*Asks:* 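This is the structure I want to talk about, given as structure tokens.
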2 protein chains.
Amino acid sequence: MLQVEPENGRAAAGAAAADSLESVRDIFIRQWGAMGSQWGVNRSMAMIHALLLVSPEPLTTDAIMEELEISRGNANTNLRELVDWGLVYPVLVKGDRRDYFVAEKDVWRIFCIVARERKRREMEPAQKVLEECVRRSGSLEGEEAQAMHAQLARLSEFVGTANELMDKLARPERDRILPNLMRVL
Amino acid sequence: MLQVEPENGRAAAGAAAADSLESVRDIFIRQWGAMGSQWGVNRSMAMIHALLLVSPEPLTTDAIMEELEISRGNANTNLRELVDWGLVYPVLVKGDRRDYFVAEKDVWRIFCIVARERKRREMEPAQKVLEECVRRSGSLEGEEAQAMHAQLARLSEFVGTANELMDKLARPERDRILPNLMRVL
DNA sequence: CCAAACTTTCAATACTTACTGAAAGTTATG
DNA sequence: CATAACTTTCAGTAAGTATTGAAAGTTTGG
């Protein structure tokens with residue numbers, strides 16, 4: 001699993017492999033994992049998320065380890081992180097002591113979670129830095145200092161506005177927001 | 001420069017350092033650089049950008065190297081990248097053979113550039129992957145396969161819509177867009 | 001068209017982040 | 001309350017990125 005399929009039994013040489021549930025799932029997982037890097041999410045976390053996203057049934061840590069060929073420690077760490085984010089839920093299966101995991105399947109909820117996390121990790125620190133620098137440069141004298149202050153203030157104001165918009169955008173009243181957005185833009 | 005200032009000459013022990021043009025600039029550069037990591041931008045690139053953002057005058061490669069204490073190769077590579085993105089412009093100064101660099105100062109333009117780049121690096125690959133998987137899973141039989149297909153289709157549609165919105169949002173007719181947005185959200 | 005001034009490239013290295021596997025910890029049940 | 005089933009932690013290692021510095025490449029003025 002998860003290797004690039006070099007050849008498919010019944011396909012002619014050079015032809016695309018015939019698709020199966022498993023092959024499409026593995027393509028999705030592999031590619032989604034590779035994309036994780038671009039998104040600042042590690043590959044294992046992205047792959048686990050992808051796997052759970054397209055699994056109708058909850059999966060155990062062991063099933064995930066086997067499917068993705070990753071170690072227990074890795075699976076465990078990244079599952080906990082996904083649960084922390086709220087992208088994955090632990091579920092109990094009657095008559096089984098192990099933890100099972102399911103992914104949040106609702107696309108808008110996923111978006112809100114990711115948006116919230118990125119705001120927290122990317123926008124808020126920027127805003128804090130900018131506000132501090134604006135404050136500190138406010139009382140400086142000299143043309144050059146004032147130019148810097150003005151530039152920092154413009155940046156700070158912009159980031160502040162963007163943050164407010166993010167908050168409003170990523171709240172769960174999706175049905176009202178999206179159509180309005182489409183209309184305005 | 002760029003070290004944490006352990007003490008300021010005239011400040012009492014333990015008190016905050018008095019602010020000067022240089023100290024505020026250095027705080028800004030240092031923090032902005034540290035934030036780069038979170039943003040998927042390397043630290044040097046973020047620091048160079050920060051320095052140029054608050055420099056009213058164009059700077060040479062050597063001035064940047066000295067101010068940030070980085071090597072020539074590093075400065076050169078990251079300046080070229082910033083120029084590629086369109087966040088920094090090379091300018092010619094009469095009577096000097098060296099390249100000088102200035103940053104784009106307009107906040108909305110900076111936003112558009114960053115948004116465009118992130119769309120290119122993050123959204124478009126996702127969309128491509130999803131579309132391919134939706135296509136390949138379309139003809140599969142069986143309940144499980146169809147559930148996967150449906151989930152992939154929902155993801156794909158969402159990312160498609162998000163991409164369209166990004167396009168519309170990050171076009172340079174800012175003055176019409178932002179007020180409308182504020183009203184709707 | 002030579003020499004000086006400047007820019008680019010790239011192999012070596014340092015730094016950062018992710019992953020493994022085994023050991024320690026926890027919890028449920030007979 | 002002992003044991004077995006499962007989960008978490010963590011030191012060591014591997015993989016991935018960023019940075020340096022020196023050498024090669026370009027351009028410009030004399």
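First the proteins, then the strands, lettered A, B, ... as listed; each starts at 1. The model shown is predicted, which means the values in this text are computed figures rather than measured ones.
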*Asks:* Between B:Gly40 and B:Gly73, which has a closest nucleotide on DNA chain D that is more 5'?
*Replies:* B:Gly40
*Asks:* With sequence neighbours excluded, give me every side-chain hydrogen bond (donor to acceptor under 3.5 Å, both in side chains) pair touching residues 39-50 of chain B.
*Replies:* B:Asn42-B:Asn78, B:Ser44-B:Asn74
*Asks:* Contact class for B:Ser37 vs. all strands (heavy atom < 4.0 Å): base, sugar-phosphate, or nothing?
*Replies:* nothing
*Asks:* When the distance from CG of A:Leu68 to P of C:dC19 is rounded to whole Å, what number comes out?
*Replies:* 11 Å
*Asks:* Map B:Asn76 and A:Val41 onto DNA chain C by nearest heavy atom, then report which one ends up closer to the 5' terminus.
*Replies:* B:Asn76
*Asks:* Roughly, in whole Å, what's the span from CG in B:Asn74 to P in C:dC10?
*Replies:* 16 Å
*Asks:* I'd like to know if the side chain of B:Glu104 and the backbone of B:Gly86 have a donor-acceptor N/O pair within less than 3.5 Å.
*Replies:* no
*Asks:* Could you tell me whether B:Asn42 contacts a base, only the sugar-phosphate backbone, or nothing, with contacts defined as non-hydrogen atoms closer than 4.0 Å?
*Replies:* sugar-phosphate
*Asks:* Could you state the atom-to-atom distance from CD of A:Glu69 to P of C:dT20 in whole Å?
*Replies:* 10 Å
*Asks:* Which nucleotide span of DNA chain D, 5' end to 3' end, has atoms closer than 4.0 Å to non-hydrogen atoms of chain B?
*Replies:* D:dA18 to D:dT28
*Asks:* Mind calculating the distance between CD1 (A:Ile70) and P (C:dA22) to the nearest angstrom?
*Replies:* 17 Å
*Asks:* Do B:Gln151 side-chain atoms and A:Lys105 backbone N/O form a donor-acceptor pair below 3.5 Å?
*Replies:* yes
*Asks:* Only one of A:Thr61, A:Val91, A:Leu82 forms a side-chain contact (heavy atoms from CB on, under 4.5 Å) with A:Phe101, so which one is it?
*Replies:* A:Thr61
*Asks:* Between A:Glu117 and A:Arg120, is the closest basic N to carboxylate O distance under 4.0 Å?
*Replies:* yes
*Asks:* Ignoring hydrogens and geometry, is there a side-chain-to-backbone donor-acceptor pair from B:Ser137 to B:Cys133 under 3.5 Å?
*Replies:* yes
*Asks:* For A:Gln38, look at atom CD and say whether over 12 heavy atoms of other residues, nucleotides or ligands are found less than 6.0 Å away.
*Replies:* yes
*Asks:* Test B:Arg109 against B:Leu87 for side-chain contact (heavy atoms from CB on, under 4.5 Å), laying out the working first.
*Replies:* CA-CA 9 Å; B:Arg109 285 216 199 100; B:Leu87 289 170; over 6 Å; no
*Asks:* So, the side chain of B:Ser55 versus the backbone of B:Leu51: is there a donor-acceptor pair under 3.5 Å, distance only?
*Replies:* yes
*Asks:* B:Asn78 has an atom CG; how far is it from atom C1' of C:dT9, in whole Å?
*Replies:* 14 Å
*Asks:* Polar-atom pairs under 3.5 Å, protein N or O versus N or O of nucleotides 1-6 of chain C: list them with distances, or write none.
*Replies:*
{"from": "C:dA5", "atom 1": "N3", "to": "B:Arg97", "atom 2": "NH2", "distance (Å)": "3.0"}

*Asks:* Please state how far atom CD in A:Gln38 lies from atom C1' in C:dT17, giving the value in whole angstrom units.
*Replies:* 16 Å
*Asks:* Output the rounded distance in Å from CD (A:Glu81) to C1' (C:dT17).
*Replies:* 13 Å
